[in-house]
Amino acid sequence: MNAKETPSEEIDLGQLFKLIGNAFDKFFNFIANIFKSIFHVFILFLQFIRNHFLKFAIAVVLGLIAGGYLDYTSLARYRSSMIVEPNFNSVQQLYNNIEFYNQLAEQGEYKALSEALHISDEEAQEVKKVAITSFSDQTQRIKQFSEFIQELDSVSQKQVDYEAYLANFNDINAKFHKIEIEATSPEIAKRCQEVIVKSIENNEYFKLQKEINDRNISLRDSIIAQQQKEINDLQAFYKRIKVMEAKKPDGTTSINLAENQTNEVPEIELLNQVRQLKDEKVRLNNEKANTKNTINIISEFPNKGALVNDFFTKKIVLMPILFAGILFLALIMVSLNRFLMNYGKNIE
């Protein structure tokens with residue numbers, strides 16, 4: 001019986017290996033055809049460029065001439081940057097204001113822009129772009145994540161990890177933000193600095209938030225001062241008790257102020273509390289400094305902006321690319337039209 005089954009099994013295995021071999025052959029042929037098609041398209045592209053090389057060369061030269069002329073006759077642009085740190089959740093309003101200024105500049109609404117930035121109409125015409133971007137690195141994000149986690153309860157902390165926090169991190173969550181102004185005058189950005197900041201600080205909502213924050217800081221400051229005074233009084237009291245005990249004759253009963261017979265010495269506990277209060281005072285002073293203003297200016301606009309000299313913003317670079325691109329599309333359309341006409345004739 002086994003002898004009868006063996007040839008059948010050999011035939012089945014042979015067919016199986018043949019099917020596998022055919023599958024691999026088809027797969028590799030498919031990959032090879034893809035590379036052949038890519039190579040064929042590449043060769044056709046090179047032939048197309050070779051056939052129209054003179055036309056592309058003329059287009060590039062014309063683009064260089066036009067771009068050079070536009071760069072020579074156009075006004076120079078100057079870029080100024082300012083780094084800010086918004087407080088009291090004012091970053092969204094700051095982004096809205098900057099976007100509003102930029103829209104006015106792009107649409108040529110110079111009258112409205114001059115009123116918004118408190119500059120003259122002539123100065124408003126010099127403003128070409130107003131932008132804001134987040135300014136953060138990996139270290140700052142980790143620090144912000146740590147501060148965010150500390151504000152959550154123990155249950156919520158287990159449900160949030162750093163990767164999930166990063167996935168939902170956006171420009172609004174960043175601590176620092178960079179405001180950029182591009183204008184044809186190098187001094188215009190400095191004149192707009194105060195107005196940009198005041199537009200947030202004069203907001204009634206943020207005024208109230210700052211006022212409440214100042215009150216809370218003042219209250220915490222007074223509490224810390226009161227606790228420090230109470231600890232100083234206790235330390236003086238313990239010193240007097242020790243002096244009294246030292247003066248008593250041997251064999252008299254001593255006073256024990258430690259409740260519940262704890263092993264910790266009261267003086268050491270007081271010293272630990274003094275250290276904790278000092279740390280809290282330092283944190284409070286830092287918070288007071290960081291929230292002194294609604295918008296903290298980390299780096300001001302310079303008195304004069306830097307000349308914008310980006311390579312890919314020059315007309316002498318963009319115009320040849322534009323001319324060559326237009327010529328390429330035109331030639332493609334002509335070739336496609338010719339192909340469609342010949343295709344119709346071949347069908348007939």
Side-chain angles (χ1 to χ4, degrees), residues 77-137 140-141 143-145 147-148 151 165-214 216 287 289-302 305-306 308 310 313:
R77 283 197 180 192
Y78 299 88
R79 182 185 294 133
S80 302
S81 301
M82 175 173 65
I83 307 299
V84 297
E85 179 189 9
N87 290 319
F88 315 121
N89 297 320
S90 61
V91 61
Q92 183 62 67
Q93 184 62 49
L94 179 62
Y95 270 73
N96 292 341
N97 289 3
I98 297 299
E99 183 179 357
F100 173 67
Y101 301 146
N102 187 59
Q103 287 179 352
L104 293 178
E106 289 182 345
Q107 297 171 4
E109 299 289 341
Y110 300 120
K111 182 65 176 177
L113 184 61
S114 66
E115 294 175 356
L117 294 177
H118 297 178
I119 54 180
S120 65
D121 293 349
E122 292 76 14
E123 291 174 331
Q125 294 178 18
E126 296 175 345
V127 179
K128 302 303 178 184
K129 181 181 178 182
V130 186
I132 182 170
T133 55
S134 62
F135 188 79
S136 62
D137 55 20
Q140 292 173 354
R141 293 181 181 182
K143 184 177 180 181
Q144 286 181 252
F145 174 72
E147 294 173 354
F148 172 73
E151 296 175 355
Y165 177 81
L166 272 187
N168 295 280
F169 191 91
N170 53 38
D171 291 342
I172 304 299
N173 302 125
K175 186 175 183 181
F176 302 109
H177 304 267
K178 180 168 67 173
I179 301 175
E180 286 187 347
I181 293 181
E182 288 188 11
T184 56
S185 172
E187 298 92 0
I188 192 66
K190 189 66 175 180
R191 300 172 193 170
C192 301
Q193 175 177 306
E194 184 178 358
V195 176
I196 293 175
V197 174
K198 292 294 184 183
S199 66
I200 304 298
E201 292 182 345
N202 292 336
N203 185 290
E204 292 298 326
Y205 173 77
F206 300 125
K207 276 185 177 180
L208 178 61
Q209 292 296 315
K210 184 179 182 305
E211 182 180 350
I212 293 175
N213 182 78
D214 293 342
N216 290 337
E287 183 179 348
N290 292 332
T291 59
K292 183 179 180 180
N293 302 305
T294 306
I295 299 290
N296 293 331
I297 300 178
I298 308 302
S299 174
E300 297 183 351
F301 281 128
V308 177
D310 298 339
T313 61

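Numbering of residues begins at 1 and proceeds along the displayed sequence.
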remark   = K128 meets the side-chain hydrogen bond (donor to acceptor under 3.5 Å, both in side chains) criterion, sequence neighbours left out, with none
inquiry  = With a 3.5 Å distance limit and no angle check, can you tell me whether Q209 reaches the backbone of F88 through a side-chain donor-acceptor pair?
reply    = no
note = Taken to the nearest 0.5 Å, the spacing of N87 CG from E287 CD works out to 9.5 Å
task = Ignoring hydrogens and angles, tell me if any N or O in the side chain of D121 forms a donor-acceptor pair with the backbone of S114 under 3.5 Å.
result = no
query = Does any N or O in the side chain of K210 come within less than 3.5 Å of the main-chain N or O of T291, such that one atom is a donor and the other an acceptor?
reply = no
ask   = Between atom OG of S120 and atom CD of Q125, what is the distance when rounded to the nearest 0.5 Å?
value = 8.5 Å
message = Side chains of N102 and I132, heavy atoms from C-beta outward: is any pair under 4.5 Å?
response = no
query = Can you find a heavy atom in the side chain of I181 that is under 4.5 Å from one in the side chain of C192?
reply = yes
inquiry  = Could you check whether atom NZ of K207 has more than 12 heavy atoms from other residues, nucleotides or ligands sitting under 6.0 Å from it?
reply    = yes
query = How about E194: does its CD atom have over 12 heavy atoms from other parts shown lying under 6.0 Å from it?
reply = no
Nearest heavy atoms of P302 and S81, plus distance in Å = CD-O, 3.8 Å
Heavy-atom side-chain contact between L117 and I196 under 4.5 Å = yes
request  = With the side chain counted from C-beta on, respond yes when E85 and K175 share a heavy-atom pair under 4.5 Å apart, and no when they do not.
outcome  = yes
query = Just how far is it from atom CZ of R77 to atom NZ of K129, taken to the nearest 0.5 Å?
reply = 8.0 Å
query = Rounded to the nearest 0.5 Å, how far apart are CD1 of I83 and CD of E180?
reply = 8.5 Å
inquiry  = I'd like to check E123 versus S185 (side-chain heavy atoms, cut-off strictly below 4.5 Å). Are they in contact?
reply    = no
request  = Might you point out which heavy atoms bring I200 and F206 nearest each other, and give the distance in Å?
outcome  = O-CD1, 3.6 Å
key: N290, CG atom: more than 12 neighbouring heavy atoms under 6.0 Å   = yes
query = What distance do I295 atom CD1 and H177 atom NE2 have between them, rounded to the nearest 0.5 Å?
reply = 8.5 Å
inquiry  = Looking at every non-hydrogen atom in both residues, tell me the closest pair between I188 and A183 and how far apart they are.
reply    = CG2-CB, 3.1 Å
message = Please check this pair: side chain of Q93 against backbone of S90, looking for a donor-acceptor N/O pair closer than 3.5 Å.
response = no
task = Could you check if a side-chain atom of F100 sits within less than 4.5 angstrom of a side-chain atom of S199, using non-hydrogen atoms only?
result = no
task = Any chance you could measure F301, atom CZ, to K190, atom NZ, to the nearest 0.5 Å?
result = 9.0 Å
query = Would V130 and L104 count as a side chain to side chain contact (heavy atoms under 4.5 Å, CB included) if you check the C-alpha gap in whole Å, the side-chain angles of each, and the deciding distance to 0.1 Å?
reply = CA-CA 10 Å; V130 186; L104 293 178; over 6 Å; no
note = Taking every heavy atom of A116 against every heavy atom of Y101, the minimum-distance pair comes out as CB-CE2, 3.8 Å
